[in-house]
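Before any comments, here is the structure.
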Amino acid sequence: MLTKLDDLRQFLPKSQKPQKLVLVPSEDAHSLGAVVRAAEEGIIEPVLVGDKEKTEGLAEVMKLNIKGFQFIDETDPVRATEKAVRLIHDGKADVLMKGKVGTSVLLKAVLNKDYGLRTGKLLSHFALFEVETYHKLIGVTDVAMNIAPSLDEKIAILNNAVEVFNKLGVPEPKVAVLGAVEQVNTSMGATLDAALLSKMNQRGQIRHCLVDGPLAFDNAISAESARHKEIKSEVAGETDLLLMPDIEVGNVLYKSLVFFAKAKVASMIVGAVAPIVLTSRSDSEQAKFDSILLAAATTAAT
Ligand code: COD
């Protein structure tokens with residue numbers, strides 16, 4: 001059972017050359033710090049795309065050694081993002097990482113029909129949390145890309161996340177589909193979707209996982225809470241993955257875990273040609289490092 005984000009190191013390849021990670025735009029302190037650390041630990045080989053003068057200035061202030069890193073000098077963040085995405089598209093690098101650019105700018109480039117990173121699958125955001133008060137790592141999806149997913153999109157989001165767990169040695173992750181209540185309420189769309197997803201899983205239409213829902217957050221993560229409410233569920237209290245009703249709920253949970261619960265988090269976009277390290281601007285250097293680790297671990301496991 002995975003209990004620490006550091007446990008992800010066991011999935012890094014021992015012999016292969018480190019994967020090439022493109023950071024764009026590179027003039028971002030926390031991202032640059034995380035990339036340099038990951039390079040020093042041999043996890044990735046960095047390619048920096050961005051404003052060279054600003055990045056070198058930042059490295060000097062932060063006492064980071066970026067000599068010898070491949071660099072593409074581009075001061076305009078939108079053009080830099082396009083160049084970085086093209087590197088992955090053309091097979092010249094393995095992982096993309098968001099630096100100092102808005103999430104939607106990066107995602108629009110990733111979705112570009114000519115040079116983007118589409119595979120025909122839905123792309124979605126996956127976050128993996130280490131929370132002191134929970135006994136194992138717990139995934140949360142989608143908190144940053146799909147705004148108000150339909151049932152079909154929820155199926156794709158769920159499958160993307162399950163694939164990550166399968167790669168990390170969890171053959172049948174337990175998935176809680178969240179609602180505000182644990183009973184189907186015809187006025188609450190999230191509970192209807194949750195019930196349908198559970199039934200589709202029971203009937204083998206969604207595989208390689210065990211889905212239950214609707215579950216409210218408390219009974220998803222606490223067996224005791226589920227017992228109090230007399231909920232019989234193999235998922236309750238043992239959840240590996242929380243499937244969110246929409247981006248607002250997901251984003252608030254993400255930030256509550258980080259800021260109130262001081263949880264550690266790693267996150268990325270999945271379903272694209274390559275993993276995309278996409279953290280929030282307010283995330284720490286440690287979160288960015290752990291996200292690189294998650295991306296490298298899941299790429300290595302393919
Ligand atoms: N996966 C695959 N293809 C997609 C996806 C997806 N998740 N989303 C859109 N597409 C395709 C569409 O099929 C279409 O072909 C094209 O991309 C454009 O679709 P639009 O017009 O719906 O999408 P955009 O470009 O207006 O917006 C896509 C974003 C991902 C940018 C948008 O959904 C978005 O802003 N999401 C939230 C990002 C955000 O602000 N997160 C902040 C939280 S930290």
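For ligands, and for the atoms within them, numbers begin at 1 and follow the listed sequence.
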ring-ring contact (aromatic ring centres under 6.0 Å, His included) evaluation trace for F129 with Y254: CA-CA 9 Å; F129 282 93; Y254 181 106; 5.4 Å; yes

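- With sequence neighbours excluded, the residues that form a side-chain contact (heavy atoms from CB on, under 4.5 Å) with T133 are V131.
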Identify all pairs of nitrogen or oxygen atoms, one from ligand 1 and one from the protein, separated by less than 3.5 Å, and list them with distances.
unit_1	atom_1	unit_2	atom_2	d
ligand 1	1 (N)	L123	N	2.8
ligand 1	7 (N)	L123	O	2.9
ligand 1	7 (N)	N146	OD1	3.0
ligand 1	15 (O)	R118	NH2	3.0
ligand 1	17 (O)	R118	NH2	3.0
ligand 1	25 (O)	K108	NZ	3.4
ligand 1	26 (O)	K108	NZ	3.4
ligand 1	36 (N)	M145	O	2.9
ligand 1	41 (N)	A144	O	2.9

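- Shown here is K121, whose NZ atom has more than 12 heavy atoms of other residues, nucleotides or ligands within 6.0 Å.
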Under 3.5 Å, side-chain donor or acceptor atoms of residues 48-64 against the rest of the protein: list the pairs with distances, not counting sequence neighbours.
unit_1	atom_1	unit_2	atom_2	d
D51	OD1	E53	N	3.2
D51	OD1	K54	N	3.1
T55	OG1	S26	OG	3.0
T55	OG1	D51	O	2.6

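- Ion pairing of D94 with K20 is absent here, as no side-chain N (NZ or NE/NH1/NH2) approaches a carboxylate O to less than 4.0 Å.
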Could you give the side-chain donor-acceptor pairs of residues 210-223 under 3.5 Å, partners two or more places apart or in another chain?
unit_1	atom_1	unit_2	atom_2	d
D212	OD2	S233	OG	2.7
D218	OD2	S225	OG	3.3
D218	OD2	K229	NZ	3.1
N219	OD1	A216	N	2.9
N219	ND2	E182	OE1	3.0
S222	OG	E224	N	3.4
S222	OG	S225	N	2.9

